[in-house]
Amino acid sequence: MTVRVRFAPSPTGYLHIGGARTALFNWMFARRHGGRFLLRIEDTDLKRTIPGAIENLMAALRWLGLDWDEGPDVGGPYGPYVQTERAPLYRQWARWLVEHDKAYQCFCTPAELEARRATQQAAGDLPGYDRRCRALTPEQVAEKEAAGLEYVIRFKMPIEGVTVVPDAIRGDITFDNSQITDFVLLKSNGLPTYHLAHVVDDHFMAITHIMRADEWINTAPLHVQIWQAFGWPMPVYAHLSLVLNPSGKGKLSKRTQAFREDGQEVLVQVEEFRQAGYLPQAVVNFLANVGWAFGEDREKFPIEEAIPRFELKSINPAPARLPYAKLDWLNGQYIQAMTPLELARAVKPFLDAAGYEVNPEALLTVIPSLSVRLKRLNEAVEFLRFLFDDRPLALTAADLTDKKLGADGGLAAYRQARDLVAAVEPYNLEQIEAGLRQLGERVSSNGKAGPFLGKLRLAITGQPVSPPLFESMLALGRQRVLGRLDEVIALMGKTP
RNA sequence: GCCCUCAUCGUCUAGGGGACCAGGACGUGGCCCUUUCAAGGCCAAAACCGGGGUUCGAAUCCCCGUGAGGGCACCA
């Protein structure tokens, strides 16, 4: 039997990082077993559906490299893959349940239900439907229907006994049936709730394993009962642990912002990770380490290598916060592993977005120094600002002065550096470095080039943090370097 | 309130009765290297929630606490 799994998001928001992990685990499982991974859109909540969500979901999944074998866009033998397009199917099977005494029509209005819930709550009673329509006689039902009253279809949950939910990660979970009310299967607008829709779809789409988030555990007994009512073979359920807020308080939600304990906001939507300059390989690698481990004490790995090792039984059932700091480290590792050309290409869109005109040659010059420094691609913008921004340096003479550089604090040294830059031939890394290093050693009281080169780097880039001096000079070009040195000399000359 | 799940360094995890005075990674601290910032190298601090059992032996199995999370919708 071929393994068939699905990722079934509702288009009520953009793909968030927790959802991405659920998708990843399903995808890995499918790939591990040579099975099929399908994408199904669960859009039965018309009120909460937001425009553009499906496109965002698909784009995010694609960006992560989680390709689906069947889905709304690619089709497949079990379509359609959008629930609102399958509405007649759910109605048909809801009716079947009513006809077989497994479900019933309920005419209670939302207002009535809410009022009763309020009463229950006030009395400290167990909230939940009181099942009054379950006792309706066929005549009463016919009467209400004839009167044109709207109704929903509710499942006839067994009143007594227990329901066992087999879970591939947690083992059997037993629920008292008295804890579960008669849930709505079909809403009055004719669309199904999740409970009915997922069972019908997973059956007709021949799903073999359902990997979904922990939050579904409590309704799983209902789902087990629905499978049994239909008499359909039940797929394997595996409830993945929740991804918590970084603060550890509450689950990560796609609709709320998330904060760390120190109050700093963290990214939640997959799209935000892309915009912040994270690499998809890094994000996927990162996610694979939350709730699952590669083994052999290995944290960094291409996902392809993880696939053959992926097992349901090795999934950790404990809820986890996302270790965001580790993502930064991983991303940095992946950036370091890129070739200069790859990195240049990856960084370019971020520079473009900042309005920086990229001179390919200059960019390539500083790429090697970027490689070990960047944690996120978007950091290149700040780091390379000096290359694109010729505004006068926001520095004071004091910033550029060092006692070790003589009585004038270095003014003479800068003048010599200027002459050197003007004359050096050819203008390349080796020549620039040889000349300036020699100069630095000569002008510094301790005989080391360090102090002078440090100040010179600051003078030329104007940034406390930048690529190393010589690369920066090369990328800038001789004329611009001379211009900046003139600026510095003028500045220091004014305030001796 | 009721029900369900979970529980190893700050965080993510390895561990599935003796191989564990508990391993790795990130982060943190120190040192080295160094023109800034990084990267890199070396070193360090840092955990089995508590209490009972079971057993010759428990991080590993059971029970009870406690804590954290989830659920109790015509939302998914």
Side-chain angles (χ1 to χ4, degrees), chain A residues 8-12 42-45 47-48 106 108-110 113-114 117 121 123-129 150-154 165 167 170 173-176 178-181 183-189 191-195 197-198 212-221 239 241-242 244 246 248-251 261 286 289-300 313 316-330 332-333 336 369-375 383 436-437 440 448-458 461 463-470 472:
Chain A
S10 67
T12 54
E42 309 214 326
D43 59 344
T44 57
D45 186 353
K47 290 184 289 293
R48 289 199 312 153
C106 168
C108 299
T109 67
L113 293 171
E114 193 163 334
R117 238 193 316 273
Q121 218 139 43
D125 286 344
L126 207 134
Y129 182 56
E150 287 198 335
Y151 63 87
V152 300
I153 291 177
R154 286 183 183 273
V165 176
D167 184 286
R170 294 153 213 275
I173 309 169
T174 305
F175 292 81
D176 229 356
S178 63
Q179 284 300 319
I180 298 134
T181 55
F183 276 91
V184 171
L185 299 179
L186 199 74
K187 300 182 257 189
S188 58
N189 67 0
L191 286 174
T193 60
Y194 171 85
H195 311 300
H198 105 268
R212 49 144 61 157
D214 195 305
E215 56 197 335
W216 291 109
I217 288 185
N218 290 285
T219 43
H239 291 93
S241 66
L242 246 21
L244 267 29
K249 301 296 288 178
K251 63 174 175 176
E261 274 167 310
F286 167 68
N289 278 321
V290 178
W292 184 78
F294 185 92
E296 295 176 4
D297 291 335
R298 192 130 92 94
E299 307 271 335
K300 179 175 179 276
K313 304 103 239 153
N316 186 343
R321 321 178 188 194
L322 293 179
Y324 280 87
K326 211 172 205 171
L327 172 60
D328 280 348
W329 168 76
L330 257 181
Q333 294 292 306
Q336 279 193 55
S369 62
L370 239 51
S371 175
V372 293
R373 270 164 259 256
L374 256 37
K375 288 276 195 286
F383 204 62
L436 287 180
R437 205 171 273 286
K448 292 188 172 172
F452 178 61
L453 296 180
K455 288 298 176 187
L456 196 56
R457 188 200 57 76
L458 183 63
T461 65
Q463 299 179 184
V465 174
S466 79
L469 174 62
F470 308 123
S472 297

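Remember, it's a predicted structure, so these values are computed and weren't measured experimentally. In what follows, chains are A, B, ... by sequence order, proteins preceding strands, each numbered from 1.
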Base [N] paired with [X] side chain (donor-acceptor, <3.5 Å):
{"X": "A:Glu299", "N": "B:G24", "value": "yes"}
{"X": "A:Ser466", "N": "B:C37", "value": "no"}
{"X": "A:Asn218", "N": "B:G70", "value": "yes"}

Whole angstroms only, please: what is the [atom1]-[atom2] distance between [X] and [N]?
{"X": "A:Leu244", "N": "B:G69", "atom1": "CG", "atom2": "P", "result": "7 Å"}
{"X": "A:Asp43", "N": "B:C75", "atom1": "CG", "atom2": "P", "result": "13 Å"}
{"X": "A:Phe183", "N": "B:C74", "atom1": "CZ", "atom2": "P", "result": "8 Å"}
{"X": "A:Leu242", "N": "B:C4", "atom1": "CG", "atom2": "C1'", "result": "13 Å"}
{"X": "A:Ile180", "N": "B:C2", "atom1": "CD1", "atom2": "C1'", "result": "12 Å"}
{"X": "A:Lys326", "N": "B:U28", "atom1": "NZ", "atom2": "P", "result": "14 Å"}
{"X": "A:Asp167", "N": "B:G70", "atom1": "CG", "atom2": "P", "result": "18 Å"}
{"X": "A:Arg298", "N": "B:C26", "atom1": "CZ", "atom2": "P", "result": "14 Å"}

Would you mind classifying the nucleic acid contact of [X] as base, sugar-phosphate or nothing, using non-hydrogen atoms under 4.0 angstrom?
{"X": "A:Thr44", "result": "sugar-phosphate"}
{"X": "A:Leu469", "result": "base"}
{"X": "A:Val152", "result": "base"}
{"X": "A:Arg154", "result": "sugar-phosphate"}
{"X": "A:Trp292", "result": "nothing"}
{"X": "A:Pro192", "result": "sugar-phosphate"}
{"X": "A:Pro110", "result": "base"}
{"X": "A:Cys108", "result": "base"}
{"X": "A:Asp328", "result": "nothing"}
{"X": "A:Gly291", "result": "sugar-phosphate"}
{"X": "A:Pro464", "result": "base"}

For RNA chain B, find the residues of residues 448-456 of chain A with a heavy-atom distance under 4.0 Å and give them by number; none if there aren't any.
->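 Per residue number, the list reads A:Gly450, A:Leu453, A:Gly454.
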
Give every pair of a protein N or O atom and an N or O atom of nucleotides 38-45 of chain B that lie under 3.5 Å apart, one pair per line with the distance.
from: B:A38; atom 1: O2'; to: A:Val372; atom 2: O; distance (Å): 2.6
from: B:A39; atom 1: OP1; to: A:Lys375; atom 2: NZ; distance (Å): 3.0
from: B:A39; atom 1: O4'; to: A:Val372; atom 2: O; distance (Å): 3.1
from: B:A39; atom 1: O3'; to: A:Gln336; atom 2: NE2; distance (Å): 3.1
from: B:A39; atom 1: O2'; to: A:Gln336; atom 2: OE1; distance (Å): 3.4
from: B:G40; atom 1: OP1; to: A:Gln333; atom 2: NE2; distance (Å): 3.2

Pairing residues for A:Phe175 by the ring pair (Phe, Tyr, Trp, His ring centres under 6.0 Å) criterion, not counting sequence neighbours |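 None.
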
Nearest heavy atoms of [X] and [Y], plus distance in Å:
{"X": "A:Glu299", "Y": "A:Asn289", "value": "O-ND2, 2.9 Å"}
{"X": "A:His239", "Y": "A:Ala220", "value": "CE1-CB, 4.0 Å"}
{"X": "A:Thr181", "Y": "A:Gly128", "value": "CG2-CA, 3.5 Å"}
{"X": "A:Pro192", "Y": "A:Lys187", "value": "O-CE, 3.4 Å"}
{"X": "A:Lys300", "Y": "A:Arg298", "value": "O-NH1, 3.0 Å"}

Please tell me which of the listed nucleotides, [options], lies nearest to the side chain of [X]?
{"X": "A:Ala318", "options": "B:A7, B:U36, B:U13", "result": "B:A7"}
{"X": "A:Leu113", "options": "B:U35, B:C74, B:A14", "result": "B:C74"}
{"X": "A:Val184", "options": "B:U35, B:C74, B:A76", "result": "B:C74"}
{"X": "A:Pro319", "options": "B:C6, B:U13, B:G70", "result": "B:C6"}
{"X": "A:Val465", "options": "B:G27, B:U36, B:C12", "result": "B:U36"}
{"X": "A:Phe383", "options": "B:C26, B:C6, B:C37", "result": "B:C37"}
{"X": "A:His195", "options": "B:U35, B:G24, B:A76", "result": "B:A76"}

Tabulated below should be each protein N or O lying under 3.5 Å from an N or O of nucleotides 47-50 of chain B; please produce it.
none

Can a side chain N or O of A:Lys187 be found less than 4.0 Å away from OP1 or OP2 on B:C75?
->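 The answer is yes; a side-chain N or O of A:Lys187 sits under 4.0 Å from OP1 or OP2.
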
With no hydrogens and no angle check, is any side-chain donor or acceptor of A:Thr12 less than 3.5 Å from a backbone partner on A:Arg48?
->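 Answer holds: no.
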
Does A:Asp176 reach the main-chain N or O of A:Ser178 with its side chain, forming a donor-acceptor pair under 3.5 Å?
->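 Judged by distance alone, no pair lies under 3.5 Å.
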
Which residues pass the salt bridge (charged side-chain N to carboxylate O under 4.0 Å, His left out) test with A:Asp167, sequence neighbours left out?
->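 For A:Asp167 there are no salt bridge (charged side-chain N to carboxylate O under 4.0 Å, His left out) partners, ignoring immediate neighbours.
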
Residue list, salt bridge (charged side-chain N to carboxylate O under 4.0 Å, His left out) with A:Arg170, at least two apart or on another chain =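 Partners of A:Arg170 under the salt bridge (charged side-chain N to carboxylate O under 4.0 Å, His left out) test: A:Asp214.
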
Tell me, please, whether A:Phe383 has A:Arg373 positioned over its six-membered ring: NZ or CZ under 6.0 Å from the ring centre and within 45 degrees of its axis?
->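 No, a cation-pi geometry is absent between A:Arg373 and A:Phe383.
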
Please work out which of the three classes, parallel, tilted or perpendicular, describes the rings of A:Tyr324 and A:Phe286, given edges at 30° and 60°.
->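 Aromatic pair A:Phe286/A:Tyr324 classed tilted.
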
Consider only side-chain N and O atoms of A:Ser466 and A:Arg457, and report whether a donor and an acceptor are under 3.5 Å apart.
->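 Yes, A:Arg457 and A:Ser466 have a side-chain donor paired with an acceptor closer than 3.5 Å.
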
How far does CG of A:Leu456 sit from CG of A:Leu469, to the nearest 0.5 angstrom?
->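 CG of A:Leu469 is found 5.0 Å from CG of A:Leu456.
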
